[in-house]
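Please read the structure below before turning to the comments.
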Amino acid sequence: MKKMISLILVVMLMLSLAACGKDSKTTDKKNKKLTVGVVQTNANESDWRTANTNSFNKAFDEAGFTIKMVFGEGDHAKQISQAQQLIQEEVDYLVVLGLQSAGWEDVAKAAKEAEIPFIMADRKLDLSEDLYTAMVCSDFEEEGNKAVKWLKEQALDSYKIVVLGGDTGSSAQLGRSKAIEDGAAANGWEIVFNQNMKGWDETLAKQAVADLIAGGTEFNVVYAQNDNMARGACDAMDAAGITYGKNGDVKVIAFDANKWALEKVLAGEFNLDVECNPLHGPRIVKLINQLEAGETVPKNAYVDEEMFDCDTITQAIVDARSY
Ligand code: GZL
């Protein structure tokens, strides 16, 4: 009998210890400071990227998250190994901004196996929906289509278009290039130059346009896939005495809509700037907090973005910009 009572007491003690352990784990989880891994493209890629990185750092700090941000610096393979390392370090969430759209399956599968939610930000990656938790990205082809529609409305006598693309293989470049290429084909426009600038580099864009001018290539539209490259193109045209913008011979189209670029739209130097909003920090914080609360979140969310035309923009619009 005594043995039976002792056995029951031992079992009860073990069960209570296990319960405490479970409760303490549950309590730990509730009070745990979240660590979020962010696989960023490059540190100094563009003014857009700087605003984007700052947005994550500010929002995560305010949310009390610990951020582990790594930079691929133009090297896709490096991004992949950085992401795998963050999974090994058992971050609570993995946020990826891919240099390349393709090649993320193994990382996504590893995150899934480790039960780490995989979130795409900025640039959609080529992943089936079962391999990621959520996406908060821009619709780059739609951005390009907006520019093409605007360009068609200009009803130019002829269209000789210079395309300055971003990093080859990024979803931003792929979408914006598809839009202008399809638009030119549909409208019988001529694309006289179509090259991607590594790292979205402003200097490379300036040199490319300078070489075109020196080689005698005629053009009347510059379709630059970000503000920095549009500024590079304008610098090259300035050096050659070519007029551009609102009252010039060449229409200048840019993407991103950084504040400094909208000053150029207001000044009539850029004809059009299509917004690509970099302020993903608060969006990702909201998403993570919803997931932590057990809420259902939208699988694919596209950022609402505007377009700014030199004929309609105002100083108030420029002043209101936060990046
Ligand atoms: C777009 C973003 C692009 C910007 C560039 O979401 O990925 O990368 O348009 C940036 O300025 O470098």
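Read the numbers this way: they start at 1 and go in the same order the structure lists the ligands and their atoms. Along the sequence shown, residues are numbered consecutively beginning with 1.
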Checklist entry - Under a 4.0 Å N-O cut-off, is there an ion pair linking Glu275 with Arg321? => result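 Looking at Glu275 and Arg321, the cut-off is met.
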
Next on the checklist: The test is side-chain contact (heavy atoms from CB on, under 4.5 Å); show your working for Cys276 and Phe140 and say whether it passes.
Outcome noted: CA-CA 8 Å; Cys276 177; Phe140 302 111; 3.9 Å; yes

Checklist entry - Strictly by modelled atom types, are Ser138 and Glu305 linked by a side-chain donor-acceptor pair under 3.5 Å? => result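 A donor-acceptor contact under 3.5 Å links the two side chains.
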
Checklist entry - Without hydrogens or angle criteria, can the side chains of Thr168 and Gln173 be said to hold a donor-acceptor pair below 3.5 Å? => result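 Gln173 and Thr168 do not have a side-chain donor-acceptor pair below 3.5 Å.
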
Checklist entry - Is any N or O atom of Ser46, backbone or side chain, closer than 3.5 Å to an N or O atom of ligand 1? => result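 Yes, since at least one N or O of Ser46 sits under 3.5 Å from an N or O of ligand 1.
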
Item to check | Per-atom contacts, ligand 1 versus Arg49 - under 4.0 Å to a heavy atom | outcome: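 Every atom of ligand 1 under 4.0 Å from some heavy atom of Arg49: 2 (C), 3 (C), 7 (O), 8 (O), 10 (C).
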
Next on the checklist: List ligand 1 atoms under 4.0 Å from Phe140, heavy atoms only on the residue side.
Outcome noted: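 Those qualifying, in numeric order: 1 (C), 6 (O).
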
Protein heavy atom at shortest distance from [atom]:
| atom | answer |
| --- | --- |
| atom 12 (O) of ligand 1 | Glu45 OE2, 2.4 Å |
| atom 3 (C) of ligand 1 | Arg123 NH2, 3.6 Å |
| atom 6 (O) of ligand 1 | Asp122 OD1, 2.3 Å |
| atom 11 (O) of ligand 1 | Asp256 OD2, 2.5 Å |

Checklist entry - Looking only at heavy atoms, is any part of Phe255 under 4.0 Å from ligand 1, and if so is it the side chain, the backbone, or both, or is it neither? => result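 It is neither part, as no heavy atom is under 4.0 Å.
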
Checklist entry - For ligand 1, which part of Glu275 has a heavy atom less than 4.0 Å away: the side chain, the backbone, both, or neither? => result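 Glu275 to ligand 1: no contact under 4.0 Å from either part.
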
Checklist entry - Going by heavy atoms, is Gly166 under 4.0 Å from ligand 1? => result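 Contact check Gly166 vs ligand 1: negative.
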
Checklist entry - Under a heavy-atom criterion of less than 4.0 Å, does Arg176 contact ligand 1? => result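 Yes.
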
Next on the checklist: Please tell me whether Leu86 and Tyr132 are part of a single hydrophobic cluster in this structure, the criterion being side-chain heavy atoms less than 4.5 Å apart.
Outcome noted: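 Yes: a chain of side-chain contacts under 4.5 Å links Leu86 to Tyr132.
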
Checklist entry - Cluster partners of Val221, using ILVMFWY side-chain heavy atoms under 4.5 angstrom, listed by chain and number? => result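 Its cluster partners, ordered by chain and number, are Val148, Trp150, Leu151, Leu156, Tyr159, Ile161, Val163, Ile180, Trp189, Ile191, Tyr223, Ile253, Phe255, Leu272, Val274, Met307.
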
Item to check | Cation-pi check, Arg231 onto Trp260 ring (under 6.0 Å, within 45° of axis) | outcome: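 Yes; both conditions hold, so Arg231 lies above the ring face of Trp260.
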
Checklist entry - Quick one: does Val38's side chain get under 4.5 Å of Ile67's, heavy atoms only? => result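 Answer yes - side chains close enough.
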
